[in-house]
Amino acid sequence: MTPAETNNSPREKPIALELRKAGKIFRSDTGAEVRALEDVNLVVRQGEFVTLVGATGCGKTTLLNLVAGLDTADSGHLRLGQGLRFGDNIAHVFQHYTLFPWRTTLSNVSFGLKMRGVSRRQRQARAAELLARVGLSGFENAYPHELSGGMRQRAAIAQALAIEPKLLLMDEPFGAVDDSTRAELQQMLTDLWQDNHTTIMFVTHNIDEAIVLGSRVLVFTDRPGRVSREFEISLPRPRNRIAGEFTDLFVSIRKSLSGQLD
Ligand SMILES: Nc1ncnc2c1ncn2[C@@H]1O[C@H](COP(=O)(O)OP(=O)(O)OP(=O)(O)O)[C@@H](O)[C@H]1O
Ligand SMILES: [Mg+2]
């Protein structure tokens, strides 16, 4: 275990968020019901990097939306830890690109600061610093359509970090990029997390990604989704995908996703 890992995932850290018996049912106009989430219990502690894996349609995006305050649970409860507030210090990187197409990269990244009344000079300096941090120096004046998919995801991460979030919610942010770009983005995000100690909840379909990034992996059942298993990941970073412990974890998570006992 690296020192950074020890600092970031101790069990005694204060709670960032807690869901107890949370459920969400969507009802269509015709009265048909989709039980998206049921009986979700989870606790995330400050500074943790929690990854969530589950089949498509099991309610992962729905869960992040509840935590972001974009939707409300029908049952159970959600508690945010001290200092966390909806619409203030919780940032969201959505499943699909969400940069404003009519704004430059710099303007996209600084937008959240503009909304918070930060002066133009300060927000531009902060945005430029973040763009440098995610490897996008020189692209400040480019528009989203002029960036590659991986670059847009870097910009979206810089945009989310601009407000200095205490909780960063990421919904399959690297789903649409090639493998080598994905590995680079994973490393960049790990570095940012180790430097900033931000609490992160990261949704992915990809078991490998969940193990590479997470200090804990939560496995969801099929719909209605709930947490069926969790795996502490104490492997040293950067993580070696061909190490025996990594592949053992991969197999255990694969089995629990398909409902097999290990
Ligand atoms: N606004 C909505 N209205 C009606 N049904 C919805 C709504 N949002 C989600 N659902 C349904 O809830 C279920 C869970 O959807 P959700 O998007 O949370 O899944 P997911 O785990 O994020 O899937 P994916 O991995 O494909 O992104 C799905 O059956 C979906 O059709
Ligand atoms: Mg989703």
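What you see below is based on every heavy atom in this structure, not just the backbone, and it leaves out hydrogens, waters and symmetry mates. Start at 1 and go down the list; that is how both ligands and their atoms are numbered. For clarity, every value in this text was computed on a predicted model and none was experimentally measured.
The line from CG of Leu249 to OG of Ser234 is 8.0 Å long, rounded to the nearest 0.5 Å. Between atom CG of residue Leu99 and atom OG1 of residue Thr104 there is a gap of 10.5 Å, rounded to the nearest 0.5 Å.
The stretch residues 49-71 participates, sequence neighbours left out, in these salt bridge (charged side-chain N to carboxylate O under 4.0 Å, His left out) pairs: Lys24-Asp71.
Within 6.0 Å of atom CD in Glu146, more than 12 heavy atoms from other residues, nucleotides or ligands are found, so the atom counts as buried in its surroundings.
The tally of protein N/O/S atoms under 2.8 Å from the Mg ion (ligand 2) stands at 2.
Annotation for Val227 and Val40: closest pair CG2-CG1, 4.4 Å, computed over non-hydrogen atoms.
In summary, the aromatic rings of Phe94 and His96 are positioned with their centroids too far apart to meet the 6.0 Å limit.
Listed as neighbours of ligand 1 are Phe26, Val34, Ala36, Ala55, Thr56, Gly57, Cys58, Gly59, Lys60, Thr61, Thr62, Gln95, Glu172, His205, Arg223, each bearing a heavy atom under 4.0 Å from the ligand.
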Go through the steps for Phe100 and Tyr143 under the test ring-ring contact (aromatic ring centres under 6.0 Å, His included), then give the verdict. CA-CA 9 Å; Phe100 300 117; Tyr143 287 89; over 10 Å; no
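No side-chain donor from either of Thr204 and Asn206 sits under 3.5 Å from a side-chain acceptor of the other.
Among residues two or more places apart in sequence or in another chain, the side chain to side chain donor-acceptor pair (under 3.5 Å) test is passed with Arg121 by none.
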